[in-house]
Amino acid sequence: MGPIVAATNFSKLSDNAELYAAALAKHFNVKLILFNAFQIPLHASNTLLPAASINDLMQNNIDRLEVTAKQLKTEFDIEVEYKCRYAQLEFNIDDLMCANESSLLVIGMSDKSLEQNLIGNPTTTLISMKKFPVLAIPIHAKFNGMKKILFACDLMQDVPLKTLAKLRQISTKLKSEVTVFYVDKMIDELKFNKSTLGNIDKELEQVDYLYKNVKSDTVIEEIEREIKTFHSDLLVMIPREYGFWESLIHKSKTRVMASGLNIPLLSIPVK
């Protein structure tokens, strides 16, 4: 497993995500990279600031990253680096992930609200990019291991082998039990997709897992209910591609779940 990148804007939400990322880095014995995408504060963006003042503001963020990196290194006994760039997060993070061969981006998960559902947030934007695994952390989530993982997927579509391999790697390292959760109006169709079931059986053969199927029209509500029933520590989902016309009537289930959960959400894109 490669280094873990934790995106931070120095809010309480991202502070908690940093702690979670540090605990994961220690568990997986990998390096943690703190990343801040510097942007001029709103109150200052309406004024004509000289270049020196902008540099001072950015240096302040770098200094805060340095302090946090030292604290996390001492507390968790891990290797910690930090980086700051003057750009929007979504325009720089892919290059950063590739350059450091990072396997996971950790970011805070905002509370659910009407605004989040309509326009999204930085977390849902990164998930929608479908470039790399994104682990979204609610503000009250603490890492105490992940004994139970809920993998919510559509078994009528192929589940990519690389996604299953990533899930197997994580669940094996964490010694987790996995529930493969499927919600559909017509459960009888499940038996026709033998290829997908065969891939899951093969790729998760070293993992303690089980299938659970629910017949329902309300997918999101059933996933939320199963999280409580299963006492899940982590929800795993695959963000799916929609064409232009489909995107007008479909709302990504992964995006909807990426705000307001009380457990972390791991989004593993299809590659």
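Test T68, I62, N61 against N36 for side chain to side chain contact (heavy atoms under 4.5 Å, CB included) and you get one pass: N61.
In this structure, K148 is positioned above the aromatic face of F230, its NZ or CZ under 6.0 Å from the six-membered ring centre and within 45° of the axis.
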Derivation of the side-chain contact (heavy atoms from CB on, under 4.5 Å) call for I137 and M109: CA-CA 5 Å; I137 309 297; M109 181 195 302; 5.7 Å; no

Pair T8-F35, side-chain contact (heavy atoms from CB on, under 4.5 Å): steps then yes or no: CA-CA 6 Å; T8 178; F35 177 64; over 6 Å; no

Verdict with supporting geometry, K166 and Q169, side-chain contact (heavy atoms from CB on, under 4.5 Å): CA-CA 5 Å; K166 176 69 72 173; Q169 178 188 30; 3.8 Å; yes

side-chain contact (heavy atoms from CB on, under 4.5 Å) assessment of E75 paired with Q71: CA-CA 6 Å; E75 181 177 353; Q71 291 174 341; 5.7 Å; no

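Side-chain atoms of I263 and D233, non-hydrogen and from C-beta on, never get closer than 4.5 Å to each other. No side-chain heavy atom of K31 sits under 4.5 Å from any side-chain heavy atom of I78. You'll find the side chain of E18 stays beyond 4.5 Å of the side chain of V106, heavy atoms only. With contacts defined as side-chain heavy-atom distances shorter than 4.5 Å, the pair V180/C153 qualifies. In this structure, V236 and I149 have side chains that are in contact, with non-hydrogen atoms separated by less than 4.5 Å. Under the 4.5 Å side-chain criterion, counting only non-hydrogen atoms from C-beta, L126 is in contact with L105. Between F151 and I238 there is a side-chain heavy-atom pair separated by less than 4.5 Å. With contacts defined as side-chain heavy-atom distances shorter than 4.5 Å, the pair I107/L135 does not qualify.
Salt-bridge check for K131 with D94: passed, with a basic side-chain N closer than 4.0 Å to an acidic carboxylate O. Using a 4.0 Å cut-off between charged nitrogen and carboxylate oxygen, K228 and E224 do not count as a salt-bridge pair.
Within the model, atoms OH of Y82 and CG of L65 stand 8.0 Å from one another, a figure rounded to the nearest 0.5 Å. Once rounded to the nearest 0.5 Å, the distance linking CZ of R85 with CG of D95 reads 6.5 Å. Distance check: K175 NZ to E177 CD gives 15.5 Å after rounding to the nearest 0.5 Å. To the nearest 0.5 angstrom, L150 atom CG is 12.5 Å from H231 atom NE2. Between K26 atom NZ and E79 atom CD the span is 13.5 Å, to the nearest 0.5 Å. Atom CG of L204 sits about 8.5 Å away from atom OG1 of T172, to the nearest 0.5 Å.
No single ILVMFWY cluster, assembled from side-chain heavy atoms under 4.5 Å apart, contains both L72 and I139. Hydrophobic clustering keeps I33 apart from V67 (ILVMFWY residues linked when any side-chain heavy atoms are closer than 4.5 Å, directly or through intermediates). Hydrophobic clustering of Ile, Leu, Val, Met, Phe, Trp and Tyr side chains at less than 4.5 Å, counting indirect connections, keeps L104 apart from L13. Put simply, M1 and L234 are part of the same group of oily side chains (I, L, V, M, F, W, Y) that touch within less than 4.5 Å, one to the next.
Taking all atoms of both residues into account, the shortest heavy-atom contact from P264 to Y20 is CG-OH, 3.5 Å. The minimum heavy-atom distance linking P138 with N262 is given by the pair CG-C, 3.8 Å. For the pair F143 and L174, the tightest heavy-atom approach, listed with the atom from each and the gap, is CZ-CD2, 4.1 Å. Of all heavy-atom pairs spanning L32 and A6, the tightest one is CD1-CB, 4.0 Å. The heavy-atom pair separating I223 from A152 by the smallest distance is CD1-CB, 3.9 Å. Contact between P269 and P133 at its shortest, heavy atoms only, is CD-N, 3.7 Å.
Although no hydrogens or angles enter the test, the distance criterion places a donor-acceptor pair under 3.5 Å between the side chain of T123 and the main chain of G108. Looking only at distances, a side-chain donor or acceptor of S11 sits under 3.5 Å from a matching main-chain atom of S14. In this structure, the side chain of N16 engages the main chain of A141 through a donor-acceptor pair within 3.5 Å.
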